Amino acid sequence: MEEELSVWIREAFSAAGFEPEKLSGGLSVVPTADDRFGDYQCNAAMGLARLQKKNPREVAQSVIGSAKPHEAIEKAEIAGAGFINLHLRADWMARRLEAAQADPRLGASEPGQGRTVVIDYSSPNVAKPMHIGHIRSTVIGSALDRLHRFLGYRVIADNHLGDWGTQFGILVLGWKRELDEQALKADPITELERIYKATHAACEADPAQRELARQELVRLQQGDAENLTIWETMQHLSQDQFNEMYQRLDVRFDVTLGESFYNPRLAGVVESLVTSGVARESLGAIGVFSDGGVADKDDPFRISRNGEWIDNPCLVRKSDGGFNYATTDLATLTYRVETWSPETILYVTDGRQQLHFRQIFAIFRRWRPDVQVRLEHIWFGSILGADGKPFRTRSGETVKLRDLLDEAEERAFKLVTEKSPDVEERVRRDIARAVGLGAVKYADLMTHRQSDYVFNWDKMLSLEGNTAPYLQYACARIASVQDKYGERFPGRSPADQPIVLGDPMERRLAARLLQFPDVVLRATNQYKPNVLTDYLYDLAQVYSAFYQNVPFLKAEDGVRESRVRLCDVTAKTLRVGLGLLGIEAPDRI
RNA sequence: GUCCCGGUAGCUCAGUUGGACAGAGCGCUGGAUUCCUAAUCCGGAGGUCGUGGGUUCAAGUCCCGCCCGGGAUACCA
């Protein structure tokens, strides 16, 4: 819609003798800030008038005068300092909505066709419980995954597990020494966590213990059969846990290539970096230093200490010969480029890794200048408790993901039971699952990605305000309308009647509905799920006002069908939109 | 010290290439329910957009200084 109108008005500018391409940032049409300004507006006449030293309103006037008629536009008018306001024709909007109703994609195009994007998200650690720290990466990554897929992209969702590294020396040592088979059977991850903590503490206290752990690690890395078997067992036990969490969250990956997968490639990466002159030896380690290409303050390999700019290298091999995460990330990046030839790779991690990824991306550019790939660090803020500090349990522990999801469902179940005590328990459980998990996901997606946000059960589960339950409630009400229509008018189908936008409430709802494809595009291109949540919330509010103030089942023939169709398009839009965020909308709530 | 984020209504937060009197929710306050789920809707009050300059026809948005908070800052990831 926006693009269609933008193309149209660009032609009008050209026809009027202006050069819209001269405008920095291009020329486009955006939805109006206020309904009384029409449906879409173009602000370019003012910018262009300034460039060409002309009167903005006159520019706007001549653009309107030169514009070809457009089937969607009822009128274009000049307002204020030189805004061009576009009013859409109600009957055109109605036809568009009818088409959207019949289209599972609601009129959205597929600009991602033929394009590949790799998305790296979730990435939990083996042998540890998934915790609240994993939720943002998982939920945001999954939403970006769904958005891209919806727009036709070929998506490679890659779960880059933390399945290798020094912690496995400790784990193997602990496994051999104090594994409780019974406990492992009952709750494997808790037992793995226990032996890790106990052994880690022993190593901290005693250098001899530390040496034992180191030896176990070396044996593992050398392919010792026993240690490898233990390691593999831990992988499987962990994967069971991950699968359980992902199933509950309805998250899927195309590949799960953990750090261990890249282990055989690390030495080659370092060697290549050194021979190509990108990396060099320093203090026994090997690292990448600044190439002086940019100013110190913009250089990820430079840092100021006490007023003096010094090197801040990215190490790719430690002085003890071991590799670190930068090495793994470079090997991973290379593998992804070679395997899938993606146009873009997205890394969905927390904001603390910004410097790390700036370095990794800079190294890759220097190392592989021939490779064309867009690299984006999609970082996010922290989840805080009411005290403004990282969210923890009352006893100060990290909140485990399983406990969090359990509590979400339990709280939702209480709410559902309170509101609908007559519904049978099995159904209430199903509703509670959708509402509880939806609330948690939505709370995570609704805030701007990069903001920290305060975790608040009551707020996210509230039926008031910008929450998943509010949107789910709107869907459930529509489902109820549709049921009632079927009961009272058996044998009739609303789709046999045209949509008519007579009432201002109807028109307002229709205008919002038609924005859906543009919103999905914007949310995807900006990697900002909250663009979509804001839209869905606004849509639900507009619908609720419509629902409250306009009768449909009691309306006269024809009008009734048209309104039920509007309800239907709204429900589809909300459901598809929520679906893109990984949130279910039950028929009753 | 330096870099990155943030500072918008009492609280929690949106604010799309700079655009029309700065928006929403909660809270506060006044209304609406013989009717499609009131888990809702309609109205009202409430803001020097941290601060001081600058650029512009137009600045919450761009530039510079300063204040406050969080994060990052070679052998963890």
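Within every chain, numbering begins at 1; the chains are lettered A, B, ... in the order of the sequence lines, protein sequences first and strands thereafter. Note that the structure is predicted; figures quoted are calculated from it, not measured.
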Return the stacking result for [N] and [X]: yes when the ring centres lie under 5.5 Å apart and the planes under 30°, no otherwise.
| X | N | answer |
| --- | --- | --- |
| A/F83 | B/rG19 | no |
| A/F552 | B/rC36 | yes |
| A/Y537 | B/rA24 | no |

Is [X] touching bases, backbone alone, or none of the nucleic acid, heavy atoms closer than 4.0 Å?
| X | value |
| --- | --- |
| A/I589 | base |
| A/Q353 | base |
| A/D299 | nothing |
| A/N530 | sugar-phosphate |
| A/V288 | nothing |
| A/L283 | base |
| A/A79 | base |
| A/R302 | nothing |
| A/H356 | nothing |
| A/K419 | base |
| A/A545 | sugar-phosphate |
| A/S319 | base |
| A/R57 | nothing |
| A/R352 | sugar-phosphate |

Using the side-chain heavy atoms of [X], tell me which of these nucleotides is nearest: [options].
| X | options | answer |
| --- | --- | --- |
| A/L463 | B/rU73, B/rU40, B/rC35 | B/rU40 |
| A/A476 | B/rU37, B/rU12, B/rC26 | B/rU37 |
| A/Q354 | B/rC13, B/rC4, B/rU37 | B/rC4 |
| A/D452 | B/rA77, B/rG70, B/rU40 | B/rG70 |
| A/W379 | B/rA74, B/rU37, B/rC5 | B/rC5 |
| A/N85 | B/rA14, B/rA20, B/rC4 | B/rA20 |
| A/R305 | B/rA20, B/rU73, B/rG15 | B/rU73 |
| A/M46 | B/rC57, B/rA38, B/rC13 | B/rC57 |
| A/S451 | B/rU37, B/rC13, B/rA20 | B/rC13 |

Original post:
Does the side chain of A/N530 come under 3.5 Å of the side chain of A/T533 through a donor N or O and an acceptor N or O?
Top reply: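 Per modelled atom types, A/N530 and A/T533 side chains form no pair under 3.5 Å.
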
May I ask you to verify whether the side chain of [X] and the base of [N] hold a donor-acceptor pair under 3.5 Å?
| X | N | answer |
| --- | --- | --- |
| A/Q41 | B/rA20 | yes |
| A/Y473 | B/rA39 | no |
| A/S420 | B/rA39 | yes |
| A/S123 | B/rA77 | no |

Establish, yes or no, whether the cationic atom of [X] lies under 6.0 Å from the six-membered ring centre of [Y] and within 45° of the ring axis.
| X | Y | result |
| --- | --- | --- |
| A/R280 | A/F289 | yes |
| A/R449 | A/Y527 | no |
| A/R366 | A/F301 | yes |

OP1 or OP2 of [N] versus the side-chain N and O atoms of [X]: is any pair under 4.0 Å?
| X | N | result |
| --- | --- | --- |
| A/Y470 | B/rA24 | no |
| A/Q541 | B/rG25 | yes |
| A/K459 | B/rC13 | no |

**OP:** Check the pair A/H356 / A/Y325 against ring-ring contact (aromatic ring centres under 6.0 Å, His included), numbers first and verdict last.
**Re:** CA-CA 10 Å; A/H356 168 68; A/Y325 70 124; 4.1 Å; yes

**OP:** Can you tell me the pairing partner of B/rG43 across any strand shown, Watson-Crick or G-U wobble, with both distances under 3.5 angstrom?
**Re:**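 Check on B/rG43: paired to B/rU29, both distances under 3.5 Å.
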
**OP:** Could you tell me which nucleotide pairs with B/rG18 by Watson-Crick or G-U wobble geometry, both distances under 3.5 Å, or answer none if nothing does?
**Re:**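 Across any shown strand, B/rG18 pairs with none.
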
Original post:
Rounded to whole angstroms, how far apart are CG on A/D483 and P on B/rU37?
Top reply: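 These atoms are roughly 9 Å apart.
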
Original post:
Do A/R575 and A/D587 sit within salt-bridge range, that is, some charged N less than 4.0 Å from a carboxylate O?
Top reply: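 A salt bridge is present here (some side-chain N lies under 4.0 Å from a carboxylate O).
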
Subject >> Identified ring pair (Phe, Tyr, Trp, His ring centres under 6.0 Å) partner of A/Y537 from the options A/Y473, A/Y442, A/Y470 >> reply: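 Going through A/Y473, A/Y442, A/Y470 one by one, the ring pair (Phe, Tyr, Trp, His ring centres under 6.0 Å) with A/Y537 is satisfied by A/Y470 alone.
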
